[in-house]
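A quick write-up on the structure given underneath.
The model shown is predicted, which means the values in this text are computed figures rather than measured ones. Lettering of chains follows the sequences in order, A, B, ..., and the numbering in each one begins at 1.
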Number of protein chains: 4
Amino acid sequence: MTLHAATPTLKERQRQERERLILRAAGEVLADQGYDGMSMEDVASRVGISRAAIYLHFPSKEDLVFALLGRGIQMFAESVDDIFASGLTPREKVRAIIEHSYGGMAQPSFRFFNAVLQSPTFLSKMTERQRTMRDVWNPIQQRLTDVLDEGKRSGDFDTEMPTSLMVSLLSGLLTPFTFKQMVEQEGMPLPEVVNFLSRYFLKGIAPSQPDDLPETRRPAH
Amino acid sequence: MTLHAATPTLKERQRQERERLILRAAGEVLADQGYDGMSMEDVASRVGISRAAIYLHFPSKEDLVFALLGRGIQMFAESVDDIFASGLTPREKVRAIIEHSYGGMAQPSFRFFNAVLQSPTFLSKMTERQRTMRDVWNPIQQRLTDVLDEGKRSGDFDTEMPTSLMVSLLSGLLTPFTFKQMVEQEGMPLPEVVNFLSRYFLKGIAPSQPDDLPETRRPAH
Amino acid sequence: MTLHAATPTLKERQRQERERLILRAAGEVLADQGYDGMSMEDVASRVGISRAAIYLHFPSKEDLVFALLGRGIQMFAESVDDIFASGLTPREKVRAIIEHSYGGMAQPSFRFFNAVLQSPTFLSKMTERQRTMRDVWNPIQQRLTDVLDEGKRSGDFDTEMPTSLMVSLLSGLLTPFTFKQMVEQEGMPLPEVVNFLSRYFLKGIAPSQPDDLPETRRPAH
Amino acid sequence: MTLHAATPTLKERQRQERERLILRAAGEVLADQGYDGMSMEDVASRVGISRAAIYLHFPSKEDLVFALLGRGIQMFAESVDDIFASGLTPREKVRAIIEHSYGGMAQPSFRFFNAVLQSPTFLSKMTERQRTMRDVWNPIQQRLTDVLDEGKRSGDFDTEMPTSLMVSLLSGLLTPFTFKQMVEQEGMPLPEVVNFLSRYFLKGIAPSQPDDLPETRRPAH
DNA sequence: TATGAATGAGTTTTCATTCAT
DNA sequence: GATGAATGAAAACTCATTCAT
């Protein structure tokens, strides 16, 4: 009936829109109820459709969340790409990444990252599928690695600390853990939190000064 | 018949031992299945008793986990107290805290902290009970605050950064997040992780040098 | 597509039919097992559906029974209304009420009234809901009160006895207690039981004759 | 060790006392929680002993309640015997029975009768044991029958109504149903309730006057 | 395509009853 | 004798998933 097979438009467009709505709803529920706490009914009623309709788009709860995760990761990766391609200095790039993450976290759209990444239920289902979180998370890690390595080369960051550890520390910072504490409970304005966090992280990974080392206890000479 | 009521009477001893076993099992399951993933059956079978027997010690799943949490917090608080009372410098104290936490985390005994603190299901049940996580977590926060404030006074730590934020950052570091990444997946030896983490955190909260500020983008002069 | 929204759309019809079937089954089980003895499985298997399917219609066992009770009360109330509006004399109305009740009681549809009203478990749950049995039972009591007050005004019934007591006595008579004894165990035909009961009650509440009083013991003259 | 086998005293006395305490506690719990609502723990803790200790006296919950029922029936039967043997007129005897029952009902000691007699769970267990309630209840019925038959012979009561029905009606009156309504909810003083009830019942079973009959609707001639 | 209906598997919790000490 | 500990069986309820319409 469609004139041009190349026009996936109408129906297809509606379908994708529906899918987006479902993903958005799922993200919201996920963000504040967690993977186990999220029921298909929650999502469906938020979109205003029936539970069964979700299965027209995603074969299972697991797949739905996985898709959401994938989309989130991709979006985040694209942002990091933009930042990477900008003319900013490595330090400024790190700051921009933190800023961007926390900006997004205010909208619940990013909060669910944590929800998913911390849910043993989801993670174990993932493992059953032979898909390590490692693979999924890889695009992000790779990009962060690139930024940090660039900083190492430019002499901005500590070359002694393995980049993988830096990546892990930065990821940990982007988790809503600190965010919730400070903004929601202490009432600190978001930009200020971002400022402090950036400074903290950059100082933490700055090239070591001679007097940074003495952490391993030595007798005062 | 016993002269001193202080004698825990064997029966009582056994009871406490059972209780410890249950708590331990619960901690293990919790650590790798999360709050929702942990079923009473899991715990029971791990201890080698029946589901119902658990209810002889704890009135509900919620209470069991709550008890576990309480015990964990108390143990941690005591360790921090010891460290605080030692003659170490503030920087050394912070390092000792990190070291201790990660040492404990290797045994799954501490891993469950995260499991619980990140479970929306449990947290919301807690809220229903009018017991904020804030109150529960308070003893820890207070102690960390003490250590960090001491360091501020001694000139070791940045006085511009609010202590509450530092506490939050330190707490975030003690979370098994980074730990899992580095030790379990990257295979880095634990002491090395501790070393890096301590240095990172201490550098991050060190008093600001003039050239630490430029994070707010300024035109190149 | 249906022209009139008033058309219950087949689906809806089926749904209501199912609901009726569930209620009926529940009534039966309730009548001979009591509230505590009735398990959702009992009801489900009697209808030929799964336990879970019941929850598609009623959110809990409590609600199911409550709905059943409500329906029963409403049906009974309507019957009493019809009787009240008839041209019968007060005495005849009372008789009609008794007759109607016992007629209905033969079908187990009414038997459950007693089951519910006598179940401490259910009653206490009701209290938790802040819904006194008083409120629920009120429509019935009100109607019986109307009939009896009418009889008092017409001089048919004893004006000295509080109507509330009369209502209570009549209610007690409608309880399947006596019914079970006489019909099921003694084998007395139902109409005869109704006859005796009506006469007994009407004589009992008839206006007092001077020589009815002497119940308080007096010395034989 | 006991000097005289004939002295079942000390130990035995204590045993019986313990048994009485258990029965009393069971009666109380039964009265306001019903058979299903009564847990062995409820009873035990009320007596101040352990659940297991109850089983030293009664082989099962069922037996415990059965014993309680038996004792209650026997006590009631004895009271009726006393009344029967007194020099009172039949009408006065009936009144005395009602008075006695309601007096007892104020103390919860009698309330449990109803609880038990209306519990399908208990009744069905009874049936399994091949012991009809009929047999158990028989001593009471027999005595009430005696009193009422005496009244029939003396011309005080309606000879047309079968005595078994009268017994059933009287039993129904002794049920706490009306009692609860009037005393607990309407606040009517107990003696007044007894007065009204006695008059009502006696009028109800009084010998029929010609004009009592017309209940069966006949065409006005 | 969308949905209401249906379900099986699983979860927490309760309780009468038994038994070693 | 008395008890604390232990348990098996049941029961209410939830939820992801399927399917006929």
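- Within 6.0 Å of atom CZ in Arg24(B), 12 or fewer heavy atoms from other residues, nucleotides or ligands are found, so the atom counts as exposed in its surroundings.
- Across all strands, Arg18(B) comes closer than 4.0 Å only to sugar-phosphate atoms, never to a base (heavy-atom distances).
- The residue among Arg51(D) and Arg51(B) whose nearest nucleotide of DNA chain E lies closer to the 5′ end is Arg51(B).
- In this structure, Lys61(D) forms a cation-pi arrangement with Tyr35(D), its terminal cationic atom sitting closer than 6.0 Å to the ring centre and no more than 45° off the ring axis.
- Ser39(D) comes within contact range of the sugar-phosphate backbone alone, with a heavy-atom separation under 4.0 Å but no base atom that close.
- In this entry the distance linking CD1 of Ile54(B) with C1' of dT14(E) reads 14 Å, nearest Å.
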DNA chain F in dot-bracket, Watson-Crick or G-U pairs under 3.5 Å, [ ] crossing, | other strand?
.||||||||||||||||||||

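- Atom pair Ile49(A):CD1 and dT3(E):P shows a separation of 6 Å (rounding to whole Å applied).
- Rounded to an integer number of Å, the gap from Phe122(D) CZ to dA16(E) P is 14 Å.
- Contact between Arg15(B) and His57(B) at its shortest, heavy atoms only, is O-CE1, 3.6 Å.
- Scanning both residues, Ala67(A) and Phe58(A), for their nearest heavy atoms gives CB-CE2, 3.7 Å.
- Using a 4.0 Å cut-off between charged side-chain N and carboxylate O, Glu17(C) and Arg20(C) make a salt bridge.
- Residues Ile54(D) and Ile49(D) approach most closely at CG1-CD1, 4.2 Å, considering heavy atoms.
- Nearest heavy atom pair, residue Ser60(A) against residue Arg129(A), reads OG-NH2, 4.0 Å.
- Projected onto DNA chain E by closest heavy-atom contact, Met40(B) and Arg15(C) fall at different nucleotides, the more 5' of which corresponds to Arg15(C).
- Atom CG of Asp36(C) and atom P of dT14(E) are 15 Å apart (whole Å).
- Atom-to-atom, CG of Leu21(A) to P of dA2(E) comes out at 12 Å; the value is rounded to the nearest Å.
- Taking the nucleotide of DNA chain F with the nearest heavy atom to each of Ala53(B) and Gly37(A), the more 5' of the two is matched to Ala53(B).
- In terms of heavy-atom proximity, Ala26(A) sits nearest to Leu68(A) at C-CD2, 4.0 Å.
- Closest non-hydrogen pair, Leu123(D) versus Leu117(D), comes out as CD1-O, 3.3 Å.
- Atom OH of Tyr55(D) and atom P of dA16(E) are 6 Å apart (whole Å).
- If you walk DNA chain F from 5' to 3' and mark each nucleotide with an atom closer than 4.0 Å to a heavy atom of chain B, the marks span dA5(F) to dA10(F).
- Rounded to a whole Å, the CG atom of Asp42(D) is 12 Å from the C1' atom of dT14(E).
- Residue-level contact check: Leu56(A) touches the bases, meaning some heavy atom is under 4.0 Å from a base atom.
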